[in-house]
Amino acid sequence: MDNINVLRLKRTLAYLESKQRELKRQNENDTRSLESMIKYLKKDMLEQFKLHHYDIYIQNEMDNTETFIKSVQSIIDSNSQ
C-alpha cells in the first residue's frame, strides 16, 4: 500500500473510531443512524482500500467493529514506513 493510501486509511480509521465512541456514549438513545453509518463506513473502507488483500480474514470481522478497527490498525502499522 502506498503512503498516500496509508494516510487516507489512517484518517478514515480515526473517523470510524470516533463514531464507535459516539455510539458507545449513546446508551439508551436511538442509535440506528450511527450503527448504519458505521456499517457503511466499514464496508466502504473494505472496498476502497481493498483491505482483503492485506488481511484475508477481515471480511469475517465486519460484524465486530472493535475487532475490525484493530485489524485495520494492524494493516496500517505493517504498511507504514
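Here, residue 1 is the first one in the sequence, and each next residue gets the next number. The figures here come from the full heavy-atom set of this structure, side chains too, leaving out hydrogens, waters and symmetry mates.
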Trainee: If you group Ile, Leu, Val, Met, Phe, Trp and Tyr by side-chain heavy-atom gaps below 4.5 Å, do L7 and I76 land in one group?
Mentor: no
Trainee: Mind running side chain to side chain contact (heavy atoms under 4.5 Å, CB included) on L51 and L9 for me, showing each step along the way?
Mentor: CA-CA 10 Å; L51 297 178; L9 184 57; 3.9 Å; yes
Trainee: Just wondering, do K24 and R21 contact through their side chains at under 4.5 Å, heavy atoms?
Mentor: no
Trainee: Taking the side chain from N5 and the backbone from M1, do they hold a donor-acceptor pair closer than 3.5 Å?
Mentor: no
Trainee: Answer yes or no: are there more than 12 heavy-atom neighbours, outside D63 itself, under 6.0 Å from its atom CG?
Mentor: no
Trainee: Report the distance from atom CD of E17 to atom CD1 of I38, rounding to the nearest 0.5 Å.
Mentor: 11.0 Å
Trainee: If you compare all heavy atoms of L23 against all heavy atoms of T31, which two are closest, and at what distance to 0.1 Å?
Mentor: CD1-CB, 3.4 Å
Trainee: Please, which pairs that meet side chain to side chain donor-acceptor pair (under 3.5 Å) have at least one residue in residues 41-62, sequence neighbours excluded?
Mentor: K42-T65, E61-S71
Trainee: If you apply the rule salt bridge (charged side-chain N to carboxylate O under 4.0 Å, His left out), what do you find for R32 with E35, and how did you get there?
Mentor: CA-CA 5 Å; R32 287 178 292 188; E35 290 169 349; over 6 Å; no
Trainee: Working to the nearest 0.5 angstrom, can you tell me the gap between Y15 OH and M45 CE?
Mentor: 12.0 Å
Trainee: Determine whether a donor-acceptor pair (N or O, by modelled atom type, separation under 3.5 Å) exists between the side chain of S74 and the backbone of K70.
Mentor: no
Trainee: Side chain to side chain contact (heavy atoms under 4.5 Å, CB included), that's the test. Do V72 and L16 meet it? Break it down for me.
Mentor: CA-CA 11 Å; V72 173; L16 175 61; 5.9 Å; no
Trainee: Any salt bridge (Lys or Arg N to Asp or Glu O under 4.0 Å) involving residues 4-16? Give me the pairs, sequence neighbours left out, ordered by first then second residue.
Mentor: none
